[in-house]
Protein chains: 2
Amino acid sequence: MNIGEAAAASGVNAKMIRHYEDIGLLPRPARAENRYRRYGARDVHELRFIGRARALGFSTADISALLALWRDRGRPSRDVRRLAERHLDDMRRRIANLEDMARNLETLVAHCHGDGRPDCPILDELAGVGG
Amino acid sequence: MNIGEAAAASGVNAKMIRHYEDIGLLPRPARAENRYRRYGARDVHELRFIGRARALGFSTADISALLALWRDRGRPSRDVRRLAERHLDDMRRRIANLEDMARNLETLVAHCHGDGRPDCPILDELAGVGG
DNA sequence: CTTGACCTTCCAACCATGGGAAGGTCTATC
DNA sequence: GATAGACCTTCCCATGGTTGGAAGGTCAAG
């Protein structure tokens with residue numbers, strides 16, 4: 001099947017399929033006589049794998065490692081879990097950062113009249129007034 | 001004062017000060033005879049403003065708007081608050097996305113032995129096994 | 001005069017994704 | 001068999017925030 005069909009079948013668009021090939025995440029596929037890329041069921045399977053990993057927030061570097069682990073039937077599940085835990089920690093850190101910022105901004109917004117008057121605690125805080 | 005002192009005084013490093021100038025966030029400063037940028041207390045104040053806004057997660061585009069609102073003494077606080085609320089919504093969306101991913105991955109990690117055995121629900125899920 | 005710290009501009013990289021140009025190929029329809 | 005439209009190819013560029021470095025000018029202290 002051509003790249004467009006593989007994209008439709010996997011949910012990964014053609015542009016990204018070429019990109020994943022570029023960065024070595026996917027092996028270079030066989031080419032037809034017209035130089036079109038040719039994909040099979042196995043490729044679509046890997047593309048779906050990538051799509052699901054992306055949906056869990058894994059970076060392409062992580063996905064590369066996950067694919068290698070997946071291809072290696074005998075790998076210890078320890079390795080997979082460790083990778084997932086590192087990613088989880090990273091996400092928790094990002095969440096905590098965002099929540100910190102959101103909480104602070106929420107407080108400021110709550111104290112801002114938000115009407116026609118010019119005085120505004122949000123700008124005051126940013127300007128370092130009384131902070 | 002030179003850019004290095006302004007950086008030290010504001011907490012925004014020199015590289016970023018030049019960048020903010022490039023993208024029009026800051027006015028181009030006066031230059032000394034040696035072409036060095038010259039900054040004053042007002043500039044340091046604006047840089048601190050930018051630093052605090054970045055710490056609240058505002059994009060440079062938002063900060064540009066906030067600076068304009070700040071400089072305009074008569075602006076209605078409504079405008080500031082609206083901008084802040086949009087940013088808050090955006091952050092909440094990002095948090096929700098991350099939490100979704102983290103929850104899903106947590107479940108998978110919890111079900112993975114994480115020992116020497118090869119079977120791993122994380123890879124199974126990514127591969128679409130039983131999913 | 002030399003050394004080292006500072007400054008200048010310019011170029012490039014990260015990451016994932018998307019847009020688009022310029023050109024080749026296939027398929028359906030007239 | 002011509003033409004249209006959908007598909008494919010490679011290539012370059014942009015995003016956003018930040019960092020790194022190269023190559024060169026300037027200044028202060030020794």
Side-chain angles (χ1 to χ4, degrees), chain A residues 1-26 28-40 43-44 46-47 49-67 86-87 90-91 93-94 97-98 101, chain B residues 1-26 28-40 43 47 49-67 86-87 90-91 93-94 97-98 101:
Chain A
M1 81 186 82
N2 288 341
I3 198 170
E5 297 170 82
S10 67
V12 176
N13 76 38
K15 207 100 185 183
M16 290 311 296
I17 295 178
R18 292 193 197 96
H19 175 62
Y20 292 147
E21 178 187 335
D22 275 349
I23 64 176
L25 203 55
L26 293 173
R28 266 169 287 164
R31 300 285 185 134
E33 290 187 354
N34 44 9
R35 302 185 42 81
Y36 287 13
R37 291 172 177 80
R38 312 229 46 199
Y39 296 98
D43 300 300
V44 171
E46 296 215 345
L47 283 168
F49 184 104
I50 294 174
R52 293 197 194 92
R54 293 286 315 134
L56 288 172
F58 283 104
S59 68
T60 43
D62 279 350
I63 296 175
S64 183
L66 287 169
L67 276 169
R86 265 196 291 111
H87 175 49
D90 191 60
M91 281 197 287
R93 254 193 306 278
R94 296 218 298 272
N97 273 343
L98 280 169
M101 297 193 290
Chain B
M1 83 187 79
N2 288 341
I3 196 170
E5 298 170 81
S10 67
V12 177
N13 76 39
K15 208 101 186 185
M16 290 312 295
I17 295 178
R18 293 194 197 95
H19 175 64
Y20 292 147
E21 178 188 335
D22 276 349
I23 64 175
L25 203 55
L26 293 173
R28 264 167 290 164
R31 300 286 185 133
E33 290 187 355
N34 44 7
R35 301 186 40 79
Y36 287 13
R37 290 170 178 81
R38 312 229 44 199
Y39 296 98
D43 300 300
L47 284 168
F49 183 103
I50 293 173
R52 293 196 192 91
R54 292 287 312 136
L56 288 172
F58 283 104
S59 68
T60 43
D62 279 350
I63 296 175
S64 183
L66 286 168
L67 276 169
R86 265 195 292 112
H87 175 49
D90 192 59
M91 282 197 287
R93 253 193 308 277
R94 296 217 299 272
N97 273 344
L98 280 170
M101 297 193 289

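Lettering of chains follows the sequences in order, A, B, ..., and the numbering in each one begins at 1.
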Side-chain heavy atoms of L26(A) within contact of D43(A), under 4.5 Å: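 No. Closest side-chain heavy atoms not under 4.5 Å.
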Can you tell me how far [atom2] of [N] sits from [atom1] of [X], to the nearest Å?
| X | N | atom1 | atom2 | result |
| --- | --- | --- | --- | --- |
| I63(A) | dC15(C) | CD1 | C1' | 12 Å |
| Y36(A) | dC26(C) | OH | C1' | 6 Å |
| D22(B) | dA12(C) | CG | P | 16 Å |
| H19(A) | dA16(C) | NE2 | P | 6 Å |
| R38(B) | dC6(C) | CZ | C1' | 14 Å |
| E21(B) | dC10(C) | CD | C1' | 14 Å |
| N97(B) | dA16(C) | CG | P | 16 Å |
| N34(A) | dT27(C) | CG | C1' | 13 Å |

Out of curiosity, [X] [atom1] to [Y] [atom2], how far, rounded to the nearest 0.5 Å?
| X | Y | atom1 | atom2 | value |
| --- | --- | --- | --- | --- |
| I17(A) | E46(A) | CD1 | CD | 12.0 Å |
| L47(A) | M16(A) | CG | CE | 10.5 Å |
| L56(A) | D62(A) | CG | CG | 11.0 Å |
| L98(A) | L98(B) | CG | CG | 6.5 Å |

Nucleotide interval of DNA chain D bounded by contacts with chain A (heavy-atom cut-off, under 4.0 Å):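 With heavy atoms of chain A under 4.0 Å away, the range is dC7(D) to dT10(D).
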Qualifying side chain to side chain donor-acceptor pair (under 3.5 Å) pairs, either residue in residues 5-21 of chain B, two or more places apart: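 Every pair satisfying side chain to side chain donor-acceptor pair (under 3.5 Å) with a residue in residues 5-21 of chain B: E21(B)-R37(B).
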Shortest side-chain distance from S59(A), nucleotide among dA16(C), dC6(C), dG20(C):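 Taking heavy atoms from C-beta onward, the closest nucleotide is dA16(C).
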Short side-chain N/O contact to dT17(C) OP1/OP2 from Y20(A), under 4.0 Å: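 Checking dT17(C) against Y20(A), a side-chain N or O does come within under 4.0 Å of OP1 or OP2.
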Touch class at under 4.0 angstrom, heavy-atom based, for R18(B) against every strand present: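 Base: the residue R18(B), judged by heavy atoms under 4.0 Å, touches a nucleobase.
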Sugar-phosphate only, base, or nothing, as touched by R31(B) at under 4.0 Å among non-hydrogen atoms: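 Answer is sugar-phosphate: R31(B) comes under 4.0 Å of backbone atoms only.
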Over 12 foreign heavy atoms within 6.0 Å of CZ, R31(B):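 Count over threshold, so yes.
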Residue closer to the 5' end of DNA chain C, E33(A) versus N13(A) (nearest nucleotide):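 Per heavy-atom nearest nucleotide, the more 5' residue is N13(A).
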Of K15(B) and G4(B), the one whose closest DNA chain C nucleotide lies more 5':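 Here G4(B) is the residue nearer the 5' end.
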